[in-house]
Amino acid sequence: MKILFTGFMPFNGGPTNPSYDCLKNMPQTVDGATIITAELPVVFTQAPQALQALLDTHQPDCVVCLGLAANRKKITPEKVGINFAHAGIPDNAGFQPSFQPLIPGGPDAYFSTLPLEAILKALEQAKIPADLSLSAGSYVCNCILYHLLSWATPRKIPAGFIHVPPETEIPLEQITRAMVEVAKVLAAQ
Ligand code: PCA
């Protein structure tokens, strides 16, 4: 079994992005599952293609994309990705979409296909602050979640997105530990 984890590059002037930094110390395997990690650009027009190349290359059995939610205090698995791009700040290529669909004519939304209840229970047992989120926003994280689910849903592949807080809220090692817990849940499916 192969689990692909992705994180994002720094954006909005931030020096680092814990969503990728937390993956640098992931073990190579968790409970027999191979862990693959990759970094995605914070660019609306490049991130989906970069993710698609990873999906084509690795053919993962499960996919978890991570991003930073600068204003949250907990690890927040996302329930839904929406067909909507509306950015409060430009992306790393200077593009700032406004009231646009991500995929014209695509479904309005997809639900995450990750076992969110089991993931939240595992994080609670590991004493890592976590909560379900009902909106991934309308910036690049939601963009990647929507594209990921448009690929994973027809294939019935467990896939979804988890926002992580800044390192000032949860230390990087604990965020890494949270992702090991997520991998354990997926490996047990
Ligand atoms: N967070 C942004 C995009 C990249 C990231 O790490 C977001 O929440 O959309």
Side-chain angles (χ1 to χ4, degrees), residues 4-26 36-55 63-103 106 108-112 114 116 119 123 128-152 159-176 178-179 182:
L4 171 66
F5 280 89
T6 71
F8 275 110
M9 290 176 188
F11 68 106
N12 196 25
T16 60
N17 189 330
S19 70
Y20 181 65
D21 288 344
C22 76
L23 297 176
K24 291 178 182 166
N25 285 325
M26 278 294 274
I36 301 157
T37 62
E39 191 177 27
L40 296 176
V42 186
V43 178
F44 277 99
T45 56
Q46 292 172 16
Q49 290 85 341
L51 176 66
Q52 190 60 53
L54 292 164
L55 299 173
V63 188
V64 182
C65 294
L66 307 178
L68 168 66
N71 54 358
R72 293 187 190 168
K73 295 182 187 307
K74 298 180 181 181
I75 308 258
T76 47
E78 298 291 346
K79 176 66 187 172
V80 56
I82 59 176
N83 190 11
F84 188 58
H86 186 66
I89 52 169
D91 69 13
N92 283 358
F95 178 51
Q96 190 170 355
S98 183
F99 292 97
Q100 274 176 230
L102 287 165
I103 299 181
D108 287 341
Y110 290 102
F111 278 152
S112 173
L114 291 175
L116 296 178
I119 287 171
L123 294 177
I128 299 167
D131 231 335
L132 183 66
S133 168
L134 298 179
S135 174
S138 51
Y139 193 52
V140 183
C141 288
N142 172 70
C143 168
I144 213 65
L145 173 57
Y146 185 83
H147 279 93
L148 171 62
L149 291 174
S150 73
W151 175 85
F161 193 93
I162 302 178
H163 265 116
V164 304
E167 289 169 60
T168 45
E169 300 292 346
I170 299 184
L172 200 58
E173 308 75 61
Q174 207 181 346
I175 300 177
T176 302
M179 297 315 142
V182 170

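Whatever order the structure lists ligands and atoms in, that order sets their numbers, starting from 1. Positions are given from 1, in the same order as the sequence printed here.
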If you draw a 6.0 Å radius around CZ in Phe95, do more than 12 non-hydrogen atoms from other residues or ligands fall strictly inside?
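Count over threshold, so yes.
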
Close residues (non-hydrogen atom under 4.0 angstrom from ligand 1) work out to Phe8, Phe11, Asn17, Val42, Gly67, Leu68, Tyr139, Val140, Cys141, His163

Got a second to check how far [X]'s [atom1] is from [Y]'s [atom2], nearest 0.5 Å?
X      : Y      : atom1 : atom2 : value
Phe8   : Ile144 : CZ    : CD1   : 5.0 Å
Tyr110 : Ile82  : OH    : CD1   : 13.5 Å
Phe161 : Ser133 : CZ    : OG    : 10.0 Å

Whether Tyr146 side chain and Val80 backbone form a donor-acceptor pair below 3.5 Å:
no

All pairs passing salt bridge (charged side-chain N to carboxylate O under 4.0 Å, His left out) where residues 78-101 contributes a residue, at least two apart:
Arg72-Glu78

